[in-house]
Amino acid sequence: QVQLVESGGGAVQTGGSLRLSCAGSGYTFGSYAMAWFRQPPGKEREGVAGTDESGLTRYSDSVRLRFTVSRDNAKNTLDLQMSDLKPEDTAMYYCAARQKLQGQWWLLLQPDSYNYWGHGTQVTVSS
């Protein structure tokens, strides 16, 4: 049974930093593509950053150069280091997993392509 558990959310001021972590279990972590998504209040879920089974990473334009995604296949964890946070980064952040992309990199940040989801962790950035 696949389980994903996020941690590390919280409230920060503009310009601050947070580090989110996702612990995966119940599957072969290194064989799965993993990604972070977020859903602001009243808006659709959007891809933020992801990494596939080969180590390829992708970022949304809105977070590139501010966020860094990393995975530790030995510890079964996926992290998201967030810096220079802005009020528009306020959202519920979700970790997601899917079986290997096998080169289909365009699916890495598409929420509909993911089978497994965590319950989310809230990030609030105040101005």
Side-chain angles (χ1 to χ4, degrees):
Q1 180 181 357
V2 175
Q3 287 192 325
L4 301 171
V5 179
E6 302 97 335
S7 61
V12 296
Q13 293 187 326
T14 297
S17 299
L18 281 174
R19 187 177 185 89
L20 305 183
S21 188
C22 172
S25 61
Y27 64 105
T28 306
F29 190 89
S31 298
Y32 277 55
M34 303 285 298
W36 287 97
F37 294 83
R38 66 186 182 187
Q39 187 163 16
K43 296 185 179 181
E44 293 186 353
R45 194 169 296 189
E46 62 178 1
V48 174
T51 175
D52 75 357
E53 66 277 10
S54 73
L56 171 75
T57 58
R58 287 196 73 196
Y59 297 88
S60 68
D61 290 342
S62 61
V63 307
R64 189 172 291 117
L65 301 182
R66 299 188 299 122
F67 290 12
T68 302
V69 64
S70 60
R71 65 190 298 164
D72 187 331
N73 291 337
K75 296 182 179 179
N76 289 3
T77 56
L78 177 77
D79 289 349
L80 184 68
Q81 177 66 47
M82 305 185 294
S83 302
D84 190 23
L85 284 161
K86 305 175 181 181
E88 51 264 42
D89 295 318
T90 295
M92 184 70 78
Y93 283 71
Y94 297 91
C95 172
R98 58 154 287 157
Q99 291 187 339
K100 57 182 66 176
L101 284 173
Q102 295 182 313
Q104 302 179 88
W105 56 267
W106 56 91
L107 298 177
L108 190 55
L109 297 184
Q110 291 191 14
D112 290 348
S113 75
Y114 282 78
N115 309 98
Y116 307 104
W117 294 85
H119 292 295
T121 185
Q122 178 68 36
V123 172
T124 303
V125 185
S126 59
S127 56

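- Hydrophobic cluster membership differs between Y94 and Y32, with clusters built from Ile, Leu, Val, Met, Phe, Trp and Tyr side chains linked at under 4.5 angstrom.
- Y116 is not connected to F37 by any chain of hydrophobic side-chain contacts under 4.5 Å among Ile, Leu, Val, Met, Phe, Trp and Tyr, and they are in different clusters.
- The closest donor-acceptor contact from the side chain of T14 to the backbone of S126 lies under 3.5 Å.
- With R45 contributing its side chain and P111 its backbone, the two residues share no donor-acceptor pair below 3.5 Å.
- Of the possible donor and acceptor atoms, one in the side chain of Y59 sits under 3.5 Å from a partner among the backbone N and O of V69.
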Determine, step by step, whether V63 and R38 satisfy the side chain to side chain contact (heavy atoms under 4.5 Å, CB included) criterion, reporting the C-alpha distance in whole Å, the side-chain angles of both residues, the deciding distance to 0.1 Å, and the verdict. CA-CA 11 Å; V63 307; R38 66 186 182 187; 3.9 Å; yes

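- In this model, no donor atom of one side chain and acceptor atom of the other lie less than 3.5 Å apart for R98 and Y114.
- Here the CG-CZ distance, from L109 to R58, works out to 5.5 Å after rounding to the nearest 0.5 Å.
- Closest approach of S70 to R19, counting heavy atoms only: OG-NH2, 3.9 Å.
- Considering every non-hydrogen atom in both M34 and L78, the closest pair reads CB-CD2, 3.7 Å.
- In the hydrophobic cluster analysis, where Ile, Leu, Val, Met, Phe, Trp and Tyr join through side-chain heavy atoms closer than 4.5 angstrom, L101 is grouped together with W106.
- The closest donor-acceptor contact from the side chain of T90 to the backbone of V125 lies under 3.5 Å.
- The shortest non-hydrogen separation linking L85 to R66 is CA-NH1, 3.9 Å.
- More than 12 heavy atoms of other residues, nucleotides or ligands lie within 6.0 Å of CD in Q122, so this atom counts as buried by the packing criterion.
- In this structure, T51 contributes its side chain and L56 its backbone to a donor-acceptor pair below 3.5 Å.
- What you find for T77 and S21 is that their closest heavy atoms are CB-OG, 4.4 Å.
- For D52, there are no salt bridge (Lys or Arg N to Asp or Glu O under 4.0 Å) partners at least two apart in sequence or on another chain.
- Of the inter-residue distances, the one linking L80 atom CG with T121 atom OG1 reads 11.0 Å to the nearest 0.5 angstrom.
- Residues forming a salt bridge (Lys or Arg N to Asp or Glu O under 4.0 Å) with D61 (at least two apart in sequence, or on another chain): R64.
- In this structure, Q13 CD and S127 OG are separated by 9.0 Å, a value rounded to the nearest 0.5 Å.
- Counting non-hydrogen atoms of other residues, nucleotides and ligands closer than 6.0 Å to CD of E44 gives a total of 12 or fewer.
- Residues V12 and W36 fall within the same hydrophobic cluster, defined by Ile, Leu, Val, Met, Phe, Trp and Tyr side chains chained together at heavy-atom separations under 4.5 Å.
- Atom OG of residue S62 and atom CD of residue E46 lie 5.5 Å apart, to the nearest 0.5 angstrom.
- For the pair A33 and R71, the tightest heavy-atom approach, listed with the atom from each and the gap, is CA-NH1, 4.3 Å.
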Give every donor-acceptor pair under 3.5 Å between a side-chain atom in residues 1-9 and any protein atom, sequence neighbours left out.
unit_1: E6; atom_1: OE1; unit_2: H119; atom_2: N; d: 3.1
unit_1: E6; atom_1: OE1; unit_2: G120; atom_2: N; d: 2.9
unit_1: E6; atom_1: OE2; unit_2: C95; atom_2: N; d: 2.8
unit_1: E6; atom_1: OE2; unit_2: G120; atom_2: N; d: 3.2

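- Within the 4.5 Å cutoff, the side chain of Q99 has no heavy atoms near those of the Y27 side chain.
- Separating the CH2 atom in W117 from the SG atom in C22 is a distance of 11.0 Å, to the nearest 0.5 Å.
- Hydrophobic clustering of Ile, Leu, Val, Met, Phe, Trp and Tyr side chains at less than 4.5 Å, counting indirect connections, unites L107 with W105.
- Side-chain atoms of M82 and D89, non-hydrogen and from C-beta on, never get closer than 4.5 Å to each other.
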